[in-house]
Structure formats: structure tokens, C-alpha cells
Colleague: 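The structure that follows is given in the form of C-alpha cells.
In the text below, chain A, chain B and the rest are named by the order of the sequence lines, each starting its count at 1.
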There are 2 protein chains.
Amino acid sequence: MVTKQQSVPDIFQENCLSRQVLQLIADQWTPLVIAALNDGTMRFGQLLKRIGGISRKMLTQTLRAMERNGLVRRVVYPVVPPVVEYTLTPLGQTLVEPMKALRDWAYGHLQEVAQARTAYDQRDHTPLQDAVASLVQQREKSL
Amino acid sequence: MVTKQQSVPDIFQENCLSRQVLQLIADQWTPLVIAALNDGTMRFGQLLKRIGGISRKMLTQTLRAMERNGLVRRVVYPVVPPVVEYTLTPLGQTLVEPMKALRDWAYGHLQEVAQARTAYDQRDHTPLQDAVASLVQQREKSL
DNA sequence: CCGTATCCATTACGATACTG
DNA sequence: CAGTATCGTAATGGATACGG
């Protein structure tokens with residue numbers, strides 16, 4: 001029996017399938033659509049209003065991609081004017097938790113990130129200064 | 001005592017800070033750099049080799065952004081030729097788990113996504129067919 | 001070795017107008 | 001209402017050459 005102890009395949013390899021899948025969900029809008037649809041089925045227009053700053057085009061594109069990848073189900077009611085509903089599939093629901101973890105991380109570390117950014121922007125970043133800073137840091141560690 | 005029961009702020013609002021932070025980490029390369037650096041400190045060239053398909057430019061860009069946001073520490077050794085090491089900061093380490101969850105999701109649902117895609121591509125997607133499909137689905141549910 | 005600078009091609013995206 | 005089509009612009013990203 002061959003036990004391939006490889007819980008993670010080589011995500012560092014180009015053309016790795018899992019990397020491709022990862023890239024399907026690690027974009028600007030997918031996390032927000034997941035969050036929105038986690039509250040229940042929504043129509044196109046509702047999503048458009050709910051997710052501030054998204055354009056018709058991007059919402060359509062994102063939803064289409066998600067549908068294609070099996071994350072959402074799209075139901076078209078043949079009435080006029082048309083009604084189209086979007087719902088998370090069971091597969092899509094498995095993404096809710098990981099995505100929530102990411103959003104929570106973002107929310108939980110707002111200040112730290114903001115501070116880091118301010119600090120970074122105040123420092124010099126000439127090659128020389130970078131090196132000196134590293135030296136100082138080195139010295140401090142050895143004390 | 002005012003208890004603001006708002007574990008998640010309004011991520012749906014444009015210009016929401018947590019959304020901005022989210023977008024810093026939900027890109028193509030950041031998850032991979034996190035994963036790579038989780039194995040320990042690495043030099044620029046090592047990262048470049050490890051992360052297949054990334055270009056010098058993108059790696060530099062990603063690392064700079066991560067440094068600015070406090071996720072990685074960059075240490076420059078003032079030797080020639082230069083040696084530059086990158087390490088996850090404590091803040092960056094808090095991202096390891098959520099990111100791993102995402103990667104695991106991707107790996108764990110490879111087949112499902114692939115199947116969904118194949119199925120989607122085989123279906124018709126003329127507006128009429130979409131509506132008919134929805135009708136059929138509706139009827140099946142009521143049986 | 002670790003970048004930056006430049007050029008260039010491709011894509012992404014928003015705005016708008018149009019259709020079933 | 002829920003898109004699609006078209007356009008123009010902006011951002012992205014690779015390749016290459018050069019610099020400290």
C-alpha cells in the first residue's frame with residue numbers, strides 16, 4: 001500500500017490544478033458574493049444594490065464564473081419582466097466558512113495593517129537605508 | 001454599556017476598510033507567498049524558484065505590498081552581492097491558517113469544480129434554454 | 001544577487017446604450 | 001428586470017536591459 005503523504009499537492013507548481021481553483025475564488029468580488037448569498041437567495045438587482053461599488057458587468061461576470069464552477073445556482077423565471085435568482089449550491093456553502101475566516105481576519109487586523117502601512121510610509125526606502133535598518137535590527141537582536 | 005453586536009462591519013459598503021484589507025490578501029500571489037514563507041525565512045531568489053510561474057516583477061510587487069501591510073519582514077544584508085531575506089511577521093503568521101483553509105478547500109474540491117465546469121460548458125446558455133432548464137428543475141422539485 | 005526602469009501587449013473595468 | 005454589446009481608458013503583467 002502506497003501512502004502518499006501529501007495533504008497538499010504542489011501548489012507551488014505552475015499549472016497546478018488546485019492553484020487554478022484557488023484563483024477562481026481569490027478575487028475581488030467572489031468573497032463578497034458568497035457572503036451576500038449566505039443570507040439566502042437573492043435576485044440580480046438585489047445583489048447589485050447590496051454589494052456597494054460593483055458594476056453590472058462585474059457582477060454578471062462574477063456570477064457567471066461562480067455558476068460555471070458550481071458555486072451558485074441560477075434560476076430564471078420565464079416571466080416578463082424577467083426574474084433571476086441566485087442561490088449558493090451545497091458546494092458554494094462549503095466556502096462560506098473559509099471565506100468568513102478571511103473576512104474576519106481582515107476585520108480583526110484593520111488597525112495593525114493600518115499602523116504597519118503608516119510606519120512603512122514614514123521610513124526611508126533607499127537601498128542604503130534598508131541595509132542600515134537591517135543592521136540596526138541585527139544589533140538590537142544581539143543585545 | 002453599549003454592546004454593539006456587529007461582529008462584521010458592513011463589508012458590503014464601498015470604501016469599507018475591512019474590504020480594502022481583504023483585497024490586499026485576496027490576490028493571485030499573496031496566498032502562495034504566505035504558504036512558502038510558512039516553511040521559514042527565504043531569500044528572494046528562493047521564492048522566485050519555489051513559486052512556479054511568478055515573475056520577478058510580480059514577486060517584488062507582492063512582497064513590497066506585504067511588507068507595507070506588515071505581513072512580512074524584509075532584511076537586507078549589506079554585502080555584495082546583496083542578500084535579502086523575507087520572513088513572516090507575527091501578523092503574517094495569523095494569516096497562515098485562514099489561507100491554508102482556502103488552499104485546502106481548493107484542493108479538496110478539485111473534482112467537483114471540474115465536473116461543474118464540464119457540465120456547464122455542455123449545457124445550452126441561450127436565454128430560452130436557461131428559462132426552460134429552470135422550469136424543468138422547478139417541476140422536478142415538485143414531484 | 002536583488003532589484004528597478006522601460007517598453008509593450010493584453011486584459012480589466014466602468015459607462016453607456018440597447019434588447020428580450 | 002436582467003442582462004448583452006460596444007467603446008474607451010486604465011491597470012496588469014511579461015520581457016528585457018540596466019544598476020547598486
Colleague: Which nucleotide wins on minimum distance to the side chain of A:Pro81, given the candidates D:dC1, D:dA2, C:dC2?
Modeller: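 So the nucleotide nearest the side chain must be D:dC1.
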Colleague: Is there a donor-acceptor pair under 3.5 Å between the side chain of A:Ser18 and the backbone N or O of A:Ile11?
Modeller: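 Between the backbone of A:Ile11 and the side chain of A:Ser18 there is no qualifying donor-acceptor contact (under 3.5 Å).
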Colleague: In whole angstrom, what separates A:Leu128's CG from D:dG19's C1'?
Modeller: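 Checked: the CG to C1' distance equals 15 Å.
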Colleague: How close or far is atom P of D:dG3 from atom CG of B:Asp130, stated in whole angstroms?
Modeller: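 Roughly 9 Å, once rounded to whole Å.
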Colleague: Produce the list of close N/O pairs, under 3.5 Å, pairing protein atoms with atoms of nucleotides 4-12 of chain D; give distances to one decimal.
Modeller:
unit_1 : atom_1 : unit_2  : atom_2 : d
D:dT4  : OP1    : A:Arg64 : NH2    : 3.2

Colleague: Can you list the steps and then say if B:Gln137 with A:Arg73 is a side-chain contact (heavy atoms from CB on, under 4.5 Å)?
Modeller: CA-CA 11 Å; B:Gln137 205 172 47; A:Arg73 190 162 45 96; 3.5 Å; yes
Colleague: Do B:Leu91 and B:Leu95 belong together in a cluster built from hydrophobic side chains that touch within less than 4.5 Å?
Modeller: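 The answer is yes; both residues are in one hydrophobic cluster.
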Colleague: In whole angstrom, what separates A:His125's NE2 from C:dG3's P?
Modeller: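 The answer, rounded to whole Å, is 13 Å.
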Colleague: Below 4.0 angstrom, N of the basic side chain to O of the carboxylate: do B:Arg50 and B:Asp39 qualify?
Modeller: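 So B:Arg50 pairs with B:Asp39 through a salt bridge.
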Colleague: Between A:Asp121 and A:Arg117, is there a side-chain N and carboxylate O pair less than 4.0 Å apart?
Modeller: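 Here A:Asp121 does not pair with A:Arg117 in a salt bridge, since their nearest N and O are not under 4.0 Å apart.
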Colleague: Could you state the CD-P distance from B:Glu85 to C:dC1, rounded to the nearest angstrom?
Modeller: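 Distance check: B:Glu85 CD to C:dC1 P gives 15 Å.
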Colleague: In residues 21-55 of chain A, which ones come under 4.0 Å of DNA chain C, going by heavy atoms?
Modeller: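 Close to the strand are A:Ser55.
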Colleague: Report which part of the nucleic acid A:Tyr77 touches: base, sugar-phosphate, or nothing (heavy-atom distance under 4.0 Å, all strands).
Modeller: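 If one applies the 4.0 Å heavy-atom cut-off, A:Tyr77 turns out to touch nothing in the nucleic acid.
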Colleague: Can you name the one residue among A:Leu37, A:Val75, A:Leu59, A:Leu71 that meets side-chain contact (heavy atoms from CB on, under 4.5 Å) with A:Tyr86?
Modeller: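 Per the side-chain contact (heavy atoms from CB on, under 4.5 Å) rule, the option paired with A:Tyr86 is A:Leu37, out of A:Leu37, A:Val75, A:Leu59, A:Leu71.
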Colleague: Do the rings of B:His125 and B:Tyr120 sit parallel, tilted or perpendicular, given the 30° and 60° boundaries?
Modeller: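 Rings of B:His125 and B:Tyr120: parallel, as their planes differ by under 30°.
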Colleague: State plainly whether one hydrophobic cluster holds both A:Leu128 and B:Tyr77, where clusters connect Ile, Leu, Val, Met, Phe, Trp and Tyr through side-chain heavy atoms under 4.5 angstrom apart.
Modeller: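 Shared cluster, no.
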Colleague: Determine whether a donor-acceptor pair (N or O, by modelled atom type, separation under 3.5 Å) exists between the side chain of A:Asp124 and the backbone of A:Thr126.
Modeller: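 Checked: no pair found.
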Colleague: By the 4.0 Å heavy-atom rule, please label B:Pro127 as base, sugar-phosphate, or nothing.
Modeller: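 The residue B:Pro127 makes no contact with any strand.
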Colleague: Below the 4.0 Å mark, does D:dG3 have OP1 or OP2 next to a side-chain nitrogen or oxygen of A:Tyr86?
Modeller: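 For D:dG3, OP1/OP2 do have a side-chain N/O of A:Tyr86 under 4.0 Å.
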